[in-house]
Each structure stands twice: as structure tokens, then as C-alpha cells.
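Chain naming here is simple, since letters A, B, ... match the order of the sequence lines and numbering starts at 1 in each. Since the structure is predicted, the reported quantities are computational estimates derived from the model, not experimental observations.
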Protein chains: 2
Amino acid sequence: MTAGPHSPHTLMIRKLESIFRLSTEEKQALHDLPVQLQLLKADQDIVRIGDSPSQCCLLVEGYTCVYKLTTEGKRQIVAFYVPGDMPDLQSLHLKVLDNSLATVTPCTVGFIQHEDLRRICDRYPRITAALWRETLVDASIFREWVLNVGRRDAFSRMAHLLCEFRVKLKAVGLAEDDTFDLPLTQGELADAIGTSNVHVNRVLQDLRAKDLIRSKGTQVTIPDWEKLKAVAGFDPLYLHLESEEVAA
Amino acid sequence: MTAGPHSPHTLMIRKLESIFRLSTEEKQALHDLPVQLQLLKADQDIVRIGDSPSQCCLLVEGYTCVYKLTTEGKRQIVAFYVPGDMPDLQSLHLKVLDNSLATVTPCTVGFIQHEDLRRICDRYPRITAALWRETLVDASIFREWVLNVGRRDAFSRMAHLLCEFRVKLKAVGLAEDDTFDLPLTQGELADAIGTSNVHVNRVLQDLRAKDLIRSKGTQVTIPDWEKLKAVAGFDPLYLHLESEEVAA
DNA sequence: CGTACGCTTGACTCGTGTCAAAGCCAGTGG
DNA sequence: CCACTGGCTTTGACACGAGTCAAGCGTACG
């Protein structure tokens with residue numbers, strides 16, 4: 001569950017490699033990327049909308065989220081990120097950030113300079129492709145979230161979010177069979193599925209009453225994966241993982 | 001308003017160049033991309049979820065949309081595309097499509113083989129960056145849509161969608177000062193903002209009653225841009241256009 | 001031990017969905 | 001040239017999901 005004996009890059013490289021089968025040289029180049037590690041507390045902005053960062057953030061441990069605010073101050077979380085993700089990789093090509101990135105738990109993050117990333121991309125087109133692909137998967141997840149928020153009721157929305165968490169965490173080895181850690185407040189869940197926190201509470205009770213989920217502290221367990229998938233209308237296709245991981 | 005004397009690539013190249021200032025050689029390489037033109041009727045799928053196309057679609061004339069369906073068959077449109085866009089550029093790196101792409105009006109589209117795109121990307125890293133950036137802007141728009149659908153009421157959502165259309169169309173020269181063509185049914189608008197078509201009808205009437213929009217056939221005019229932006233909570237930052245276009 | 005934050009509950013309100021019927025074209029064919 | 005048709009828009013009545021408000025509860029932490 002901790003970063004353990006890995007280098008900060010390990011999870012990211014493993015993820016890139018699961019699709020692209022990089023050469024030893026390419027992997028080495030990634031390993032050699034200078035990373036400035038930093039420990040952050042929970043509920044802390046990493047970068048803010050309007051910023052023009054000169055570095056990307058690599059999430060090593062903990063969960064982060066990307067959020068936006070309406071002019072009236074309502075918050076919408078548009079993505080959660082788990083270890084191995086690069087939550088603001090977009091900043092490599094978009095000069096100014098259109099969203100804010102914040103920790104939701106205490107986090108270990110590594111910062112990689114844009115110039116270092118650009119150098120490695122120029123030299124290794126396959127790494128460029130792999131990183132590009134990462135941003136495309138992000139985009140695919142956003143599309144699914146639009147569907148989720150736009151066309152499912154609160155009950156299915158929540159079920160869908162839980163399904164997504166399970167699959168993403170399993171893919172990086174942070175979930176056992178059927179249980180994983182979900183250290184989010186009901187307010188954060190509400191901001192993610194576009195409802196009120198009161199209603200999140202009712203929906204969670206309903207999910208528990210129907211035995212679709214069980215929870216102990218921040219641990220969530222899913223007794224019947226197929227049943228939860230069904231009520232969520234969840235199809236992992238949009239996560240674009242390789243089949244072994246999804247099947248699990 | 002028609003494709004006119006342009007080659008099919010013109011709008012796309014102009015868009016890429018507005019950010020990246022490509023060299024003559026790079027522009028020529030783009031111009032030389034083989035494109036297979038095709039005329040399509042309205043309401044026709046171009047590619048479907050689950051497909052693995054070997055080509056990308058370049059929209060030359062008309063509007064297309066990307067949509068997804070819930071298991072119960074509810075449709076959510078997650079993006080609209082206008083001439084100059086490449087609505088399924090993602091397929092270059094994601095083997096299987098996670099959404100469907102359809103025309104909403106009669107369209108002229110050009111198909112570009114993936115292998116041709118990959119070849120040009122390998123040779124010209126700046127073109128890679130420009131195309132990558134395009135997909136990042138798409139992702140940014142998806143994020144804004146999550147906010148739109150999740151945290152704004154139907155009235156603001158519709159206003160926001162209209163603002164986005166105006167800015168995108170102006171950027172490719174398809175909108176005069178304050179009026180543009182919006183040949184969408186209320187059902188399509190409903191699928192885009194995640195409400196029922198009946199409610200779309202009421203919201204549009206409300207917008208007209210408040211003189212925030214006027215419409216004649218499919219033509220929409222915006223009498224007071226600042227006022228519409230205000231009720232929509234619209235900030236064009238997320239479209240990542242260069243400032244001259246946005247200001248207009 | 002208290003204080004703060006998050007969770008839970010109930011009552012009430014309100015935005016939207018649903019259903020069903022009617023009106024309005026624009027295109028088609030007789 | 002006009003009646004027919006089908007798709008889209010418009011309307012009204014009603015139902016329901018979800019938001020809001022406000023109070024009370026639990027618990028982790030200083």
C-alpha cells in the first residue's frame with residue numbers, strides 16, 4: 001500500500017509499458033527523469049486554474065482530484081487520480097490551466113520539469129505516443145463522466161463511480177479482491193457525481209441496504225461485482241485497460 | 001460559408017497553425033496528406049462505439065456530435081464538432097472507440113489513414129505536438145461539460161452551450177458578429193445538456209422571453225453577449241483559443 | 001474534555017421528468 | 001395544387017427525484 005521499494009517512477013512506467021512495451025533504453029530514459037518529490041497534506045491545491053506551470057505532477061501516493069467551480073461557487077470534481085497517474089500532464093501543451101488540482105488525502109507527489117519531458121519526447125516518439133495516449137484515456141473518462149452526470153440517476157451515478165475506483169485501483173495493485181480504500185468524504189463524493197452531500201448520504205445507505213456495497217471506515221467492499229456493475233451500467237471499455245486487468 | 005476554394009485541409013491547418021506557427025515544410029506535409037472525401041446525410045453514424053477504425057475523420061463541412069448511451073438507452077451527447085475539427089483523432093492511439101460519432105447535419109468529411117498520420121508525426125514532432133494539443137483541448141471541453149451538466153441548472157446549461165457554439169464557430173469564421181447557424185433539434189440539445197426535450201423547449205422560450213437569444217429558423221442571434229455569458233457563467237478560457245479570436 | 005467536522009435524519013420545496021394531446025411545418029405523392 | 005404524413009415543437013397537468021434547511025449525533029483529535 002505504501003510506495004515501498006519502488007522508485008517514484010515505477011507505477012507510471014509500469015502503466016505506460018502495459019500498453020506500449022517500451023524498450024530497455026526507453027524505460028531507462030523514463031527512470032532517469034529528474035523528479036522532485038514532495039509530501040502534501042490533504043485538501044491542498046497543487047495547481048490552480050489560471051496557473052501556467054513549468055512542470056508536471058506525478059502522483060506517487062494518495063489520491064488527488066481535479067475540480068472546477070461555477071461562478072456561484074458550486075464545485076464539480078471532474079476526475080480522481082490514483083498513484084501512477086499524471087494529473088496535469090495536459091499542462092505540457094496547454095499554456096494555462098483550465099482547472100484546479102488538489103489533494104484529497106495526504107499525498108506524495110513528484111514534479112517533473114516540462115523541459116525534461118519535452119526532451120525525452122523529442123528523442124523517443126514511442127514515449128510521446130504513450131504519454132499522449134494517457135491524456136486520451138483521461139479524455140475518455142471525462143466523456144463517461146458527462147454521460148454519468150447527465151443521464152444516470154444519483155443511485156447509478158454513485159455505483160458507477162465506485163466501479164471506476166475499483167477498476168483503477170486494481171490496475172495499479174491498490175485493491176484486493178473486492179475491497180479497496182476510499183478515503184473520501186460524502187461532500188467530495190457529492191461534488192464528483194453532481195448532487196448534494198445529503199443526497200449522497202441517502203444513496204450510500206440505499207446501496208448498503210441492497211448489499212451492493214459494505215463499508216468499514218474508509219474501506220469499501222463490493223460483495224457482488226456483477227450486480228454492482230449492472231446497476232451502475234458500468235462497462236470498463238472506456239478505461240482502455242488491457243484485458244487481464246479488467247477481467248480481474 | 002461553404003468549403004469554397006479551400007482544400008479540405010485548410011481549416012484544420014489554420015487551426016493548428018494559430019497556435020504553433022508551423023514551418024512551410026510542415027504545412028506542406030499536412031497539405032499533402034491523402035484525404036478521402038465523402039458526403040454524408042444527417043443523423044448518420046460515422047463510427048460506432050466498439051469500432052477499431054484505421055483512419056481518422058476530418059470534418060470539412062457540417063456539424064457532427066459524439067454520443068454515448070446508457071444501458072437503458074438514454075443518449076448523452078458529449079461533444080459537438082464544427083468544420084476544421086477531427087472528431088475521432090483519439091482513435092490514433094486508442095485501439096477501440098469508447099463512443100460513437102454521428103452527423104447532425106449533412107456533412108462533408110475527409111478520411112485520413114492512421115498510417116499517414118503516424119508517418120507525418122514521426123517526421124515532424126511539432127505536428128505531433130499540435131495534434132496532441134487538439135486532443136487536450138477536447139479533453140478540456142469535456143471537463144467543462146461535466147461542470148455544466150453537474151452543477152448548473154438547465155437554463156444556464158443551455159446558455160453555456162450556446163456561448164460555446166458561438167465562440168467555436170467564430171474561431172473558424174462560421175459566425176457573423178452575433179448570429180450563427182444552429183441546425184439542431186430540441187431533442188439533440190436535450191441530449192447535450194442532459195435534460196428532456198420538453199424542458200429544453202421551456203428553457204429556450206425563457207431565454208427568448210428574456211431577450212438573451214433570438215431565433216429565426218435555425219439562425220440564432222445573441223443580442224447581448226456579455227449578458228448571455230453572465231447567465232451562463234461562461235469563461236472561454238477552457239477552449240484554449242488565442243486571444244484575438246476570443247475577444248471578438 | 002471540548003470542539004469541529006463529518007454523518008444522519010426529517011420536513012418541506014422546487015426543478016425537471018413524464019405523459020399525452022395538440023399545433024405546426026416541410027416534404028411527398030396523388 | 002392540395003391533402004397526407006411524419007417529425008418537430010409547444011402546452012398543460014401531474015409526479016417524483018433531489019436540493020435545502022435545520023437540528024441532532026458521532027467521533028477523532030487537540
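- Distance, A/R157 CZ to D/dG19 P: 7 Å, rounded to whole Å.
- Residues from residues 191-210 of chain B with heavy atoms under 4.0 angstrom of DNA chain D, sorted by number: B/V198, B/N201, B/R202, B/Q205, B/R208.
- The CD atom of B/E188 sits 8 Å away from the P atom of D/dC8 (whole-angstrom rounding).
- Distance CE (B/M158) to C1' (D/dT9): 13 Å, rounded to an integer number of Å.
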From CA spacing to verdict: side chain to side chain contact (heavy atoms under 4.5 Å, CB included), A/L59, A/V109: CA-CA 5 Å; A/L59 185 51; A/V109 299; 3.8 Å; yes
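- Side-chain atoms of A/S156 come within 3.5 Å of backbone atoms of A/V231 as a donor-acceptor pair (strictly under, hydrogens ignored).
- Under the 30°/60° scheme for interplanar angles, the aromatic rings of A/F165 and A/F180 are found to lie parallel.
- What separates CZ of B/R151 from C1' of D/dT20 is a distance of 13 Å, to the nearest Å.
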Test salt bridge (charged side-chain N to carboxylate O under 4.0 Å, His left out) on B/R202 and B/D206 and set out the steps. CA-CA 6 Å; B/R202 296 192 267 242; B/D206 202 3; over 6 Å; no
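- For the pair B/R152 CZ and D/dG19 P, the interatomic distance rounds to 17 Å; values are reported in whole Å.
- Within a 6.0 Å radius of CZ in A/R208, other residues, nucleotides and ligands contribute more than 12 heavy atoms.
- Checking the phosphate oxygens (OP1, OP2) of D/dG7, no side-chain nitrogen or oxygen of B/Q186 falls inside 4.0 Å.
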>> Working note: A/C56 + A/F111, criterion side chain to side chain contact (heavy atoms under 4.5 Å, CB included); need CA distance, chi angles, decisive distance, verdict.
In response: CA-CA 6 Å; A/C56 283; A/F111 290 104; over 6 Å; no
